[in-house]
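First up is the structure itself, then whatever we jot down about it.
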Amino acid sequence: MTTHTETTTTVEYAPERPARLEWAKHAPEVYKAMVRLETAARKGLDHTLYELVKIRASQINHCAFCIDMHTKDALAAGESVERIVQLSAWDESRHFYTAKEIAALELTEAVTVLTDEFVPDEVYDNAAKHFEEAELAQVIAAITVINAWNRFGVTCRMAPGHYEPGQYK
């Protein structure tokens with residue numbers, strides 16, 4: 001159980017739920033392959049854009065572990081708290097992001113939630129206007145990889161709050 005003391009008030013938080021499975025320990029070759037895939041997917045991408053994509057996909061997938069990790073990494077790399085806070089409502093807060101970042105966020109949502117018309121032509125075409133083909137392929141790879149990580153995190157109920165920036169690099 002976690003407690004937090006402010007001046008004279010003690011707040012008691014809900015207990016942390018234990019992980020269901022330490023999947024990386026039991027499937028080390030899969031974990032190593034995922035790390036290699038992650039390394040390949042981020043090559044040539046702007047670090048800020050990469051973290052925004054990872055945070056947004058993790059928000060959509062409700063992966064608290066990945067939200068914790070990538071938010072901390074983004075903050076450590078100099079991303080603003082304001083842009084991270086607004087990310088869950090980026091469509092209403094477009095003025096916090098560049099046109100290229102918006103295109104990546106639109107694509108992230110379309111690829112992450114495939115049941116909503118798959119990836120609409122207008123979303124793909126907008127991304128293609130902002131990224132050269134090789135970079136667009138990397139963005140799609142980054143979105144795909146974070147979605148895979150999210151599925152491990154959510155399914156195995158990996159607990160957020162313990163990650164230190166750069167811990168897995």
Residue pair Pro160 / Glu16: nearest heavy atoms and the distance that separates them: O-OE1, 4.2 Å
SB check Arg94 Glu106 (cutoff 4.0 Å): yes
Which atom of Ser58 lies closest to which atom of Cys66, heavy atoms considered: OG-CB, 3.2 Å
Trace of the side-chain contact (heavy atoms from CB on, under 4.5 Å) decision for Trp149 with Asn61: CA-CA 10 Å; Trp149 283 119; Asn61 290 322; over 6 Å; no
ILVMFWY network linking Val113 to Ile55, side-chain heavy atoms under 4.5 angstrom: no
For Glu164, all residues meeting side-chain hydrogen bond (donor to acceptor under 3.5 Å, both in side chains), sequence neighbours excluded: none
Linked, directly or transitively: Leu105 and Leu136 (ILVMFWY side chains, under 4.5 Å): no
Within 6.0 Å of CZ in Arg17, more than 12 heavy atoms from elsewhere: no
Atom of Gly161, atom of Asp68 and distance for their closest heavy-atom approach: N-OD2, 2.9 Å
Flag, side chain of Arg42 to backbone of Glu38, donor-acceptor distance under 3.5 Å: no
Leu37 with Val30, same ILVMFWY side-chain cluster at under 4.5 Å: yes
same_hphob_cluster(Val154, Leu21) at 4.5 Å side-chain heavy-atom cutoff: no
Atom OH of Tyr124 with >12 non-hydrogen neighbours under 6.0 angstrom: no
Atom pair CD1 (Ile60) and OG (Ser88), whose distance is rounded to the nearest 0.5 Å: 10.5 Å
Gap separating the CD1 atom of Ile67 from the NZ atom of Lys72, nearest 0.5 angstrom: 12.5 Å
Side chain to side chain contact (heavy atoms under 4.5 Å, CB included) partner of Glu51, the single match among Leu87, Ile146, Asp73: Asp73
Gap separating the CD atom of Gln167 from the NE2 atom of His162, nearest 0.5 angstrom: 10.5 Å
Closest heavy-atom pair and its distance - Ala74, Ile84: CB-CD1, 3.9 Å
Test log, rule side-chain contact (heavy atoms from CB on, under 4.5 Å), inputs Leu52 and Thr108: CA-CA 10 Å; Leu52 291 175; Thr108 298; over 6 Å; no
Heavy-atom closest pair, residues Arg151 and Thr155: O-OG1, 2.7 Å
Sequence-distant partners of Trp90, side-chain hydrogen bond (donor to acceptor under 3.5 Å, both in side chains), two or more places apart: Glu109
Gln138 side chain to Lys43 backbone, donor-acceptor under 3.5 Å: yes
Same cluster (ILVMFWY, side-chain, under 4.5 Å), Val119 and Val139: yes
Reported NE2-to-OH distance for the pair His70 and Tyr50, which is rounded to 0.5 angstrom: 7.5 Å
Pairwise distance NE2(His130) to CD1(Ile102) - rounded to 0.5 angstrom: 8.0 Å
Heavy-atom check, side chain of Arg83 versus side chain of Glu101, under 4.5 Å: yes
Inter- and intrachain pairs under salt bridge (Lys or Arg N to Asp or Glu O under 4.0 Å), touching residues 121-147, at least two apart: Lys100-Glu135
Spacing of Glu82 atom CD and Ser93 atom OG [to the nearest 0.5 Å]: 9.0 Å
Check: Tyr97 side chain, Ala103 main-chain N or O, donor-acceptor pair, under 3.5 Å: no
Flag side-chain contact, heavy atom, 4.5 Å: Thr98 against Leu49: no
For Met34 against Trp23, the heavy-atom pair lying closest together: CG-CH2, 4.4 Å
